[in-house]
Participant: 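One structure, pasted below without further comment.
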Amino acid sequence: MFVDSETFASVTQELGRGRELFLVDGPGHGDSPGPRRLYSLQDCAAAAVQVMDALQVAAPVDWVGNAWGGHMGILLADSSPARIRTLVTIGTPAYPLSGADRRKTALLVPLYRIVGPRPLSKVVVDALVGQGAAKSAPSAASVVAAAFQRGDRQGKYWAMRSLMLRRPDLRPVLPRLQVPTLMMSGRDDPMNDVGEAERAARSMPAGRFVPVTGGGHVAPLLVAPDEVTRTILEFWTAQDGG
């Protein structure tokens with residue numbers, strides 16, 4: 001949420017060795033248009049299947065999703081397990097927003113609609129990269145700020161209403177997943193409790209949890225790309241029997 005596939009730029013070269021990568025921006029983000037109505041994560045998962053069909057991707061894929069993309073991967077692995085060979089999530093809370101976070105977000109959404117992204121950039125950067133990111137990780141902060149200001153403003157607004165305020169509890173889904181799953185979370189991510197993330201991974205028949213460097217949902221991809229890449233490649237290799 002708020003960023004696009006540019007946040008994967010530092011990991012695509014290594015992850016793409018021996019694999020064909022398809023990077024997909026969510027509705028209202030990057031160059032993807034967004035509907036002017038409420039929709040659900042299930043709708044996003046159904047759209048992902050349509051994208052794979054349009055690209056003629058018939059073989060099971062190694063799905064890698066950051067935050068919102070991880071939520072979609074969980075639902076895909078549940079509803080269309082034949083389409084997913086392995087699942088990797090990064091900074092993806094399986095639990096819904098707490099009451100306090102929901103109230104804060106409920107104030108942010110209409111404000112975004114009125115003033116747009118620029119006045120809210122610091123709030124979003126601190127949330128996705130970590131407090132004080134502009135000083136501690138200026139390059140990462142710049143990537144997030146630029147992505148937040150790109151895309152379809154109205155599409156982002158409806159994405160916020162649809163998927164932030166209405167984020168479901170996915171914990172009941174996890175024990176049903178049969179695909180090998182790696183869950184990663186930034187050690188210092190205040191929006192994805194590490195203990196809860198580890199419990200979520202343990203609830204899956206083939207789940208594994210690995211904490212990585214980072215203080216926000218997007219931080220691992222931007223401040224620790226080598227660590228993230230190595231962890232994913234080791235996971236894929238293990239599934240290949242190597």
Side-chain angles (χ1 to χ4, degrees), residues 1-8 21-58 60-97 101-102 105-106 108-109 112-113 124 127-128 144 147-148 150-174 176-179 181-185 191-192 197 200 204 217-218 221:
M1 187 68 65
F2 301 137
V3 296
D4 53 38
S5 54
E6 287 296 317
T7 55
F8 279 85
L21 303 184
F22 297 94
L23 281 76
V24 182
D25 292 327
H29 294 66
D31 291 329
S32 294
R36 270 54 170 168
R37 59 172 176 80
L38 291 173
Y39 52 94
S40 68
L41 279 174
Q42 286 84 356
D43 293 330
C44 294
V49 172
Q50 293 174 346
V51 168
M52 286 190 277
D53 288 343
L55 294 171
Q56 299 182 331
V57 178
V61 303
D62 294 308
W63 182 277
V64 179
N66 186 79
W68 172 13
H71 291 132
M72 292 173 58
I74 290 170
L75 291 175
L76 270 172
D78 183 47
S79 63
S80 305
R83 307 301 295 262
I84 306 293
R85 189 185 82 103
T86 65
L87 169 62
V88 173
T89 72
I90 307 168
T92 300
Y95 52 89
L97 284 176
D101 286 340
R102 189 177 299 277
T105 304
L108 172 67
V109 173
Y112 172 84
R113 190 178 200 183
V124 169
L128 296 185
V144 170
F148 181 47
R150 282 195 298 269
D152 179 353
R153 178 169 163 179
Q154 285 298 312
K156 275 198 178 75
Y157 165 75
W158 283 103
M160 292 162 70
R161 282 194 60 186
S162 299
L163 305 175
M164 286 175 58
L165 292 175
R166 302 169 71 228
R167 190 176 86 200
D169 187 349
L170 294 181
R171 288 172 293 187
V173 176
L174 300 180
R176 299 200 298 261
L177 302 190
Q178 299 300 315
V179 302
T181 301
L182 168 65
M183 284 188 160
M184 288 188 283
S185 178
M191 297 187 294
N192 189 23
M204 294 182 286
H217 283 352
V218 183
L221 285 169

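Just so you know, these numbers come straight off a predicted model, no measurement behind them.
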Participant: For residues Gly30 and Asp25, report the shortest heavy-atom separation together with the two atoms involved.
Facilitator: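 Heavy-atom minimum between the residues: CA-OD2, 3.4 Å.
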Participant: Passes side chain to side chain contact (heavy atoms under 4.5 Å, CB included), Met72 versus Trp63? Steps please.
Facilitator: CA-CA 10 Å; Met72 292 173 58; Trp63 182 277; 4.1 Å; yes
Participant: Has Lys156 got a side-chain atom pairing as donor or acceptor with Arg150's backbone, closer than 3.5 angstrom?
Facilitator: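 Answer holds: yes.
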Participant: Can you pull out every salt bridge (Lys or Arg N to Asp or Glu O under 4.0 Å) where at least one residue sits in residues 71-83? Sequence neighbours excluded, please.
Facilitator: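 Only Asp53-Arg83, Asp78-Arg176 qualify under salt bridge (Lys or Arg N to Asp or Glu O under 4.0 Å).
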Participant: Looking only at heavy atoms, what is the nearest atom pair of Ala77 and Val179, with distance?
Facilitator: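 Residues Ala77 and Val179, closest heavy atoms: CB-CG2, 3.7 Å.
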Participant: Any heavy-atom pair between the side chains of Phe2 and Val144 that's under 4.5 Å?
Facilitator: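 Answer no - side chains too far apart.
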Participant: Rounded to the nearest 0.5 Å, how far does CZ of Arg161 lie from OH of Tyr112?
Facilitator: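 Nearest 0.5 Å value for the OH-CZ distance: 14.0 Å.
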Participant: Taking atom CG of Asp31 and atom OG of Ser5, what is their separation to the nearest 0.5 Å?
Facilitator: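 Asp31 atom CG to Ser5 atom OG measures 8.5 Å (nearest 0.5 Å).
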Participant: Angle between ring planes, Trp68 versus His29, binned at 30° and 60°: parallel, tilted or perpendicular?
Facilitator: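 Ring orientation of Trp68 relative to His29: perpendicular.
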Participant: On a heavy-atom basis, which atom in Tyr157 and which in Val109 lie closest, and how many Å separate them?
Facilitator: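 Taking every non-hydrogen atom into account, CE1-CG1, 3.5 Å.
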Participant: Side chains of Ile74 and Leu174: does their closest heavy-atom pair fall under 4.5 Å?
Facilitator: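 Yes - at least one pair of side-chain heavy atoms lies under 4.5 Å apart.
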Participant: Quick check on side chain to side chain contact (heavy atoms under 4.5 Å, CB included): which of Val64, Thr7, Val218 does Ile90 satisfy it with?
Facilitator: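 Exactly one candidate clears the test, Val64.
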Participant: How long is the gap from CD on Gln50 to CG on Leu55, to the nearest 0.5 Å?
Facilitator: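 So the gap between those two atoms works out to 12.0 Å.
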Participant: Can you measure from CD (Gln154) to CZ (Arg113) and round to the nearest 0.5 angstrom?
Facilitator: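 Gln154 CD to Arg113 CZ: 5.0 Å, rounded to 0.5 Å.
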Participant: With distance as the sole test, does His71 use its side chain to make a donor-acceptor pair with the main-chain N or O of Thr89 at under 3.5 Å?
Facilitator: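 Not confirmed, His71 side chain does not pair with Thr89 backbone.
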Participant: Does the side chain of Leu163 come within less than 4.5 Å of Tyr39's, by heavy atoms?
Facilitator: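 In short, these two side chains touch, coming nearer than 4.5 Å.
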Participant: Nearest heavy-atom pair of Leu38 and Ser162: which atoms, and what distance?
Facilitator: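 Where Leu38 meets Ser162 most closely, the heavy atoms are CA-OG, 3.3 Å.
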Participant: Determine the minimum heavy-atom distance between Gly91 and Pro93, stating which atoms define it.
Facilitator: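 Looking at all heavy atoms of both residues, the closest pair is O-CD, 3.4 Å.
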Participant: Nearest 0.5 Å, what's the NE2-CG distance between His217 and Leu128?
Facilitator: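 Result: 7.5 Å between the selected atoms.
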Participant: Hey, does the side chain of Arg36 reach the backbone of Gly34 with a donor-acceptor pair shorter than 3.5 angstrom?
Facilitator: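 Flag set: sc Arg36 to bb Gly34 pair under 3.5 Å.
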Participant: Output the distance between atom OG (Ser40) and atom CG (Leu75), rounded to the nearest 0.5 Å.
Facilitator: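 If I round to the nearest 0.5 Å, the distance is 8.5 Å.
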Participant: Can you see which heavy atom on Ala159 is nearest to which on Pro27, and at what distance?
Facilitator: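 Heavy atoms only, the tightest pair is CB-O, 4.1 Å.
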Participant: Is Pro96 close to Arg171 at the side-chain level, that is, under 4.5 Å between some pair of heavy atoms?
Facilitator: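 Yes, close enough: below the 4.5 Å cut-off.
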Participant: Just by distance, do the side chain of Arg166 and the backbone of Leu41 share a donor-acceptor pair under 3.5 Å?
Facilitator: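 Side chain of Arg166 to backbone of Leu41, a donor-acceptor pair under 3.5 Å: no, none is there.
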